[in-house]
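These figures come from a predicted structure and were not determined experimentally. Chain letters run A, B, ... following the sequence lines, proteins first and then strands; every chain starts at 1.
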2 protein chains.
Amino acid sequence: MKGIADVARLAGVSKSTASRALTGTGYVSDETRLRVATAARSVGYVPSASAVSLASGRTSTVGVIMPGVTGWFFAEVLEGIQESLLEAGLDLALYDARVGTRGRDRIFDDFLARQRFDGLIAVGIDPEDRELERIYALNRPVVSIASGGFPDDIAIDDVDVARRATEHLIGLGHHHILFLGGGDGGRWSHVERHRFEGYQATMDAAGARAEHAQCGESLPAGYAAAADLLSDLRTRPTGIVAVSDEVAIGAIIAARRLGIGVPHDLSVIGVDDHEYAEMFSLTTLAQDPRAQGALAVEVLLERLADPDAPVPVVAPQARLIVRNSTAAPAG
Amino acid sequence: MKGIADVARLAGVSKSTASRALTGTGYVSDETRLRVATAARSVGYVPSASAVSLASGRTSTVGVIMPGVTGWFFAEVLEGIQESLLEAGLDLALYDARVGTRGRDRIFDDFLARQRFDGLIAVGIDPEDRELERIYALNRPVVSIASGGFPDDIAIDDVDVARRATEHLIGLGHHHILFLGGGDGGRWSHVERHRFEGYQATMDAAGARAEHAQCGESLPAGYAAAADLLSDLRTRPTGIVAVSDEVAIGAIIAARRLGIGVPHDLSVIGVDDHEYAEMFSLTTLAQDPRAQGALAVEVLLERLADPDAPVPVVAPQARLIVRNSTAAPAG
DNA sequence: CTGAAAGCGCTTACAG
DNA sequence: CTGAAAGCGCTTACAG
C-alpha cells in the first residue's frame, strides 16, 4: 500500500501539495500537478477511503434505502441509481428495509445513524413518523422517489395516471370498471392510495360506480385476486384498472385461464411499462424508473454541492402506450 | 456529534478505557464497562465509521458484486445477503457490474481497489481473467456464488440438476427433448454451460439426440425463443428442459398462445422454483438463493475472523418439485 | 485493570 | 504557488 507520502516523496513535493494536486483543490502549478499525477500513477496510488473521510468529512458514498429489491420498479430504480453513481465515482450503500422486518428497525435505529454516506436516496419507503424523524435527524441531503412523507418527491403524478387509465377505458365505452390493487392486509402504500383516488374521482365524475378489489403488489397476487373476482360471471367487470403492470399481467393470465378473452371480454390497463408488458400486449401508462433513479442522483449531487440552493425537481411524466389489452366492451 | 472523548469524560475514564469498554476488546472491569456504556447511551454516542476504519483497519462493510439486480436469482441472493449482514451489523456496498457496461470496467479498475469493504461476495459474475486478477489482488476474503473461476463456489450442482431434470422427462417416456437456454449472443455463462452439459450427457446416455435452442436469461426471451421453435409442428419436441424457471415460464406462455397444451402436448421443466412457479404449475428443481446469500455471509464472516482456517462450504442441494407442467407424452 | 501516547493516512487552514 | 503543522476521531501496543 503506497500512501500519499510516497507519492509526494517521488514527486519531490510536500504531502500538502501532493494532496492539492491530486484532489484538484487549491493552487498548484501545472507542472507540479503533472509531476504528482505521474508519481501517483507510477506507484499505483489509491487513497485510503477512511483517511479521506476522516480528514475531509466526505464519504463519497450515497445511501439507498428501499423496501426490497425484488419488485420490478425497485430493481430498475436501483440500477438507474447505481449507474449514475458509478459514473460519478461514488459508492452505493444499500439498506433493504422491508416492511415489518427486524432489519428495517435496525436500519432506522442503528445503521442510518452511522452516517456512512454523504446523502440518502429513499425509494418507496412510506416512512412512519419516527422513521421520518430518524432520517431528518441525520441532517443530510435526502432525495426521495415514490415515497410518502417527503417534500419534492420524484414520482409520476399517480392520481393523474390513474385518471388517464380510467378515462381510457371510459372513452372506449366501459362503465363497469374495477380497480385492482392496494389494501392488501389492510395496508395501502402512498402510490396505491393515490392511484385509487385518481380512479375513484374519475369514476365519480363519469357517474359510474367505483369498485375495488384488494391485491398485493405482485404478479401472482394479481393472478390470484383476478382469478377470484373474474370467476363470478354476474359481477365480472368489463374493464380493470390495475395498480401496476405486474398486477395487470397477473389478471390477464387469470382471465385467459378462465377462457375470458382479453381484450374482447375484458379490458385491462396497467401502470409501468414493465419488462413483460410488450409480450402481453398490455396497454399501460409507461414510466421510466431507471431514469428516476438517475434523476435522484443528479438532484442529490447538486444538493451535496450546494445544500442551500433549492434544486427544483422536474416531475417525471407517464406516457400512455396503447397496446392490445384494451378495447371497446363486447356487445 | 459526541465523540468518545465526551463519553470518556462523562464516565470518568480515559479514551483508551472507553474504547476498550465499548468495543469489548481487552480488559475492563465490569463496573467500568457499565459506567462507560451508560455514558455512551446518555450522550447518544455513535462511533465515527471512518475513524474506526482508519485506526483499526476494519471497515465493517461487505462488498457485493453481481451483474445486475434485475433477475429473480440475483434479487433473492441480494436480499439473503442483506438480511444476514444487517443481523451482523455490517454495511453492504453494492457493485452492479452488468456485462458489457462501462460501469463494470470502472468497478474492476477503480472501485474495488478502494477497498471499502473487509470482504467481497461475488455473485454470478463469470469473471474474465483480468477481472479475477483484480479481485485476487485485493488480498481480501472472497466468497462466490454461482460464479465461474472461483474455488469453493457456493452453488447447486448445475450439471447434476440438469441431469435430474432430463431424467425426469425421460422417465416419463419422452425421447424428443430440447434444451432451451444459453448461447444468447454467442455467450454462455458457467451456469448455462453446466446445465447444458448435464442435459447433453443424459441424452447421450439414453441414446437420444441432444438438441439446443439458444435463449437469453429472461421470461420474455424464453417466450420469444419458444414461440419460434414450437410453431413448426414437424420439429416440435415433446419435452423442454429449460435453463431456468423464467425461461420455462416464458415457454409455457408461448405454448398456451399457440394452443399447445401443457403438459398434454408439451412437458416443460425448469430450475429455480421461481416466485411464479406455483401459479404456472411448473415442475422444477428448486434452489433457495436467499439461503445461498445467507450462507455466503456466514462463510465470509468465518474467513474474516480467521483468514487461515479453511472454511468448508456445504453445497446447497436442489430439490425436485413435481407439479403439473410435466407428464407422459401424448399418444 | 487503566492511562498516556503514538499512529492510522489523509485534508486544510495558515504562513510564507 | 508551496510547505509545516495541526487535526479529523478513533484503536492499540506499551508501561504501569
(request) Answer yes when B/D91 and A/R116 have at least one side-chain N-carboxylate O distance shorter than 4.0 Å, and no when they do not. (result) yes

(message) Check this for me, if you would: do A/E192 and A/R187 make a salt bridge, where the nitrogen-to-carboxylate-oxygen distance has to be below 4.0 angstrom?
(response) no

(message) Could you check whether any side-chain N or O of B/S147 sits under 3.5 Å from a backbone N or O of B/I145, counting only pairs where one atom can act as donor and the other as acceptor?
(response) yes

(message) Quick check for you: among D/dT11, C/dT12, D/dT12, whose closest atom lies nearest to any side-chain atom of B/R20?
(response) D/dT12

(request) Go ahead and write out DNA chain D as dot-bracket, 5' to 3': ( ) for pairs within the strand, [ ] for ones crossing earlier pairs, | when the partner sits on another strand, dots for unpaired; Watson-Crick or G-U wobble, both distances under 3.5 Å. (result) |||.||||||||.|||

(message) Without decimals, in angstroms, what is the distance between A/L22 CG and C/dG9 P?
(response) 16 Å

(request) Measure from CZ on B/R114 to C1' on C/dG9 and round the result to the nearest Å. (result) 16 Å

(request) Check the distance between C/dG9's C1' and A/Y45's OH and give it to me in whole angstrom. (result) 8 Å

(message) By nearest heavy atom, map A/L54 and A/A18 onto DNA chain D; which one lands nearer the 5' end?
(response) A/A18

(message) Distance alone, cut at 3.5 Å: any donor-acceptor contact between the side chains of B/S144 and B/D153?
(response) yes

(request) Between C/dA4, D/dC8, D/dC10, spot the one nearest the side chain of B/A51, thanks. (result) D/dC10

(message) If the threshold is 4.0 Å, N to carboxylate O, is there a salt bridge linking B/R303 and B/D152?
(response) yes

(request) Report which part of the nucleic acid A/S16 touches: base, sugar-phosphate, or nothing (heavy-atom distance under 4.0 Å, all strands). (result) base

(message) Heavy atoms within less than 4.0 Å of DNA chain D: which residues of residues 28-39 of chain A have one? Give them sorted by number.
(response) A/V28, A/S29, A/T32

(message) Within the 3.5 Å criterion, strictly below it, is a donor on B/S19 or B/S16 matched to an acceptor on the partner's side chain?
(response) no

(request) May I have the distance from B/K2 (atom NZ) to D/dG9 (atom P), rounded to whole angstrom? (result) 12 Å

(request) Specify the residues of residues 4-11 of chain A, ordered by number, for which at least one heavy atom lies under 4.0 angstrom from an atom of DNA chain C. (result) A/I4

(request) May I ask you to verify if any side-chain N or O of B/S14 is less than 4.0 angstrom from the OP1 or OP2 atom of C/dG3? (result) yes

(message) Checking the side chain of B/S53 only, and the main-chain atoms of B/R58 only, is there a donor and an acceptor separated by less than 3.5 Å?
(response) yes

(message) Between B/R130 and B/D109 (salt bridge meaning N to carboxylate O under 4.0 Å), is one present in this structure?
(response) yes

(message) Hydrogens and angles aside, do A/T59 and A/D118 bring a side-chain donor and acceptor to less than 3.5 Å of each other?
(response) yes

(request) Could you check how far NZ of B/K15 sits from P of C/dG7, rounded to whole Å? (result) 14 Å

(message) At less than 4.0 Å, is any side-chain N or O atom of A/Y27 found next to OP1 or OP2 of C/dC14? Yes or no.
(response) no

(message) When you measure from the side chain of B/E76 to the backbone of B/P289, do you find a donor-acceptor pair of N or O atoms at a distance under 3.5 Å?
(response) no

(message) Considering every strand and a 4.0 Å limit on heavy-atom distances, what is the contact class for B/S50: base, sugar-phosphate, or nothing?
(response) nothing

(message) Distance check needed: C/dG9 C1' versus B/R58 CZ, whole Å only.
(response) 17 Å

(request) Check the side chains of A/R20 and A/T17 for a donor-acceptor pair under 3.5 angstrom, ignoring hydrogens and angles. (result) yes

(message) Under 4.0 Å from OP1 or OP2 of D/dT11: is there any side-chain N or O of B/S19 that close?
(response) yes

(message) Quick check: on DNA chain C, is the nucleotide nearest B/S56 upstream (toward 5') of the one nearest B/V13, or the reverse? Name the residue that is more 5'.
(response) B/V13

(request) Indicate yes or no: does B/D105 engage B/R102 in a salt bridge with an N to O separation below 4.0 Å. (result) no

(request) Tell me which nucleotide among C/dG3, C/dC10, D/dA4 gets nearest to the side chain of B/T17. (result) C/dG3

